[in-house]
Number of protein chains: 2
Amino acid sequence: MNIGEASSRSGLPAKTIRYYEDIGLIRPDRGDNGYRDYGADDVHKLRFLHRSRSLGFSVEECRQLLALYEDKSRASADVKDIAATKLTEIDRKIRELTELRRTLEHLVHACHGNERPDCPILEELSEG
Amino acid sequence: MNIGEASSRSGLPAKTIRYYEDIGLIRPDRGDNGYRDYGADDVHKLRFLHRSRSLGFSVEECRQLLALYEDKSRASADVKDIAATKLTEIDRKIRELTELRRTLEHLVHACHGNERPDCPILEELSEG
DNA sequence: ATGAACCTTCCTGTTACTGGAAGGTCAAGG
DNA sequence: CCTTGACCTTCCAGTAACAGGAAGGTTCAT
């Protein structure tokens with residue numbers, strides 16, 4: 001498929017997809033006309049990149065994560081180390097998002113424009 | 001407190017804190033010597049910024065989230081709209097992180113270097 | 001009072017894109 | 001066959017969100 005379809009299927013702008021090729025994250029085939037040609041596996045990788053980037057992982061971290069998939073038969077020690085580190089990070093992110101969610105929900109349901117002292121958000125914030 | 005202590009308490013580099021001041025996210029006092037002077041509430045905001053940035057929210061989104069705290073007595077309709085939108089995003093992020101976590105965990109526990117066809121990761125990836 | 005460890009502003013560099021120009025390709029309609 | 005519009009290509013410039021480092025002022029302990 002062309003880059004346009006890969007873009008709409010992955011959710012990434014075509015510009016970003018070309019950039020990811022520039023920095024060596026994906027290597028699509030080329031047709032005789034010079035157009036990039038993406039397969040289903042490329043789209044999987046692009047969706048994966050889209051997701052992990054939006055979750056606060058840097059491009060270099062995404063490169064590592066992607067390598068876990070592509071280089072599955074590598075010595076397991078390395079793979080496990082990297083994966084385990086990322087798991088810890090992911091758990092932290094989930095915890096922090098859950099906290100943030102709780103705080104925001106209080107704001108929506110309990111803090112409707114009344115004055116400061118009785119706002120539950122302030123209590124949470126002042127816990128530190 | 002000086003910027004150094006605000007930095008170590010919030011986890012943000014001093015450079016970043018100055019940058020956040022440049023773009024109007026925080027406005028610390030200044031001492032007679034010209035040094036920035038941060039209070040406990042500033043540190044709360046900085047920690048909040050640190051967390052939400054690392055969770056994939058842009059600086060502009062963080063500005064909105066911060067405004068929810070600072071502008072608590074604003075017309076609730078606006079506040080609730082923004083907060084509700086962010087809640088949806090947060091829920092999506094939590095779902096995606098949980099998925100990513102599950103996939104990685106499989107990689108660590110089930111996919112230890114053996115060949116492709118029987119690797120559970122590949123099945124997940126090919127679901128699409 | 002001198003050195004280390006802070007702080008200040010300013011200017012440049014990096015990462016991860018984003019927009020736009022200039023031009024080639026393709027499928028449909030007149 | 002030709003053109004029109006929607007694709008695609010490369011390349012170059014701009015933006016966002018910082019990071020590094022120079023040049024210099026402040027504070028504090030020895």
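Below, chains carry the letters A, B, ... as their sequence lines are ordered, and counting in each starts from 1.
- The CD1 atom of B/Ile26 sits 14 Å away from the C1' atom of D/dA17 (whole-angstrom rounding).
- OP1 or OP2 of D/dC18 lies within a sub-4.0 Å distance of a side-chain N or O belonging to B/Arg53.
- In this structure, A/His50 places its NE2 atom 11 Å from P of C/dC17, rounding to the nearest Å.
- The shortest distance between the side-chain N/O atoms of B/Tyr20 and the OP1/OP2 oxygens of D/dC18 is below 4.0 Å.
- Atom P of nucleotide C/dC10 and atom CD of B/Glu21 are separated by 12 Å, given to the nearest angstrom.
- OP1 and OP2 of D/dA17 both lie 4.0 Å or more from every side-chain N or O belonging to B/Thr16.
- Using a 4.0 Å heavy-atom distance criterion, A/Ile3 is classed as a sugar-phosphate-only contact.
- Between A/Ser58 and B/Ala14, the residue whose closest nucleotide on DNA chain C is further toward the 5' end is B/Ala14.
- For B/Ile17 and C/dC6, the CD1 to P distance is 14 Å, given to the nearest whole Å.
- In this structure, of D/dC11, D/dG20, C/dT8, it is D/dC11 that holds the atom nearest to the side chain of A/Lys15.
- As rounded to whole Å, 16 Å separates atom P of C/dC6 from atom CE of B/Met1.
- Along DNA chain D, the nucleotide nearest B/Glu60 and the nucleotide nearest B/Tyr35 are compared for position; the residue whose nucleotide lies closer to the 5' end is B/Glu60.
- Between B/Arg18 and the phosphate of D/dA17, there is no side-chain N or O to OP1/OP2 separation shorter than 4.0 Å.
- Between the A/Ser52 side chain and the A/Phe48 main chain, a donor and an acceptor come within less than 3.5 Å of each other.
- One can place CG of B/Asp32 at 17 Å from P of C/dC7, the figure rounded to the nearest angstrom.
- Distances shown here put a side-chain N or O of B/Asn33 below 4.0 Å from the OP1 or OP2 atom of D/dT27.
- Side-chain N/O atoms of A/Arg63 include none lying less than 4.0 angstrom from OP1 or OP2 on C/dA16.
- Between B/Leu25 atom CG and D/dA17 atom C1' the separation is 11 Å, expressed in whole Å.
- Residue-environment remark: CZ (A/Arg27) stays at or below the threshold of 12 foreign heavy atoms within 6.0 Å.
- No donor-acceptor distance shorter than 3.5 angstrom exists from the side chain of A/Arg47 to the backbone of A/Arg51, with no hydrogens or angles considered.
- A donor-acceptor pair under 3.5 Å is formed between the side chain of B/Ser10 and the backbone N or O of B/Ala6.
- Straight-line distance from the OH atom of B/Tyr19 to the C1' atom of C/dT14: 14 Å, rounded to whole Å.
- The phosphate of D/dT9 has OP1 or OP2 within less than 4.0 Å of a side-chain N or O from A/Arg36.
- Counting only distance, with no hydrogens or angles, the side chain of A/Glu96 and the backbone of A/Lys93 share no donor-acceptor pair below 3.5 Å.
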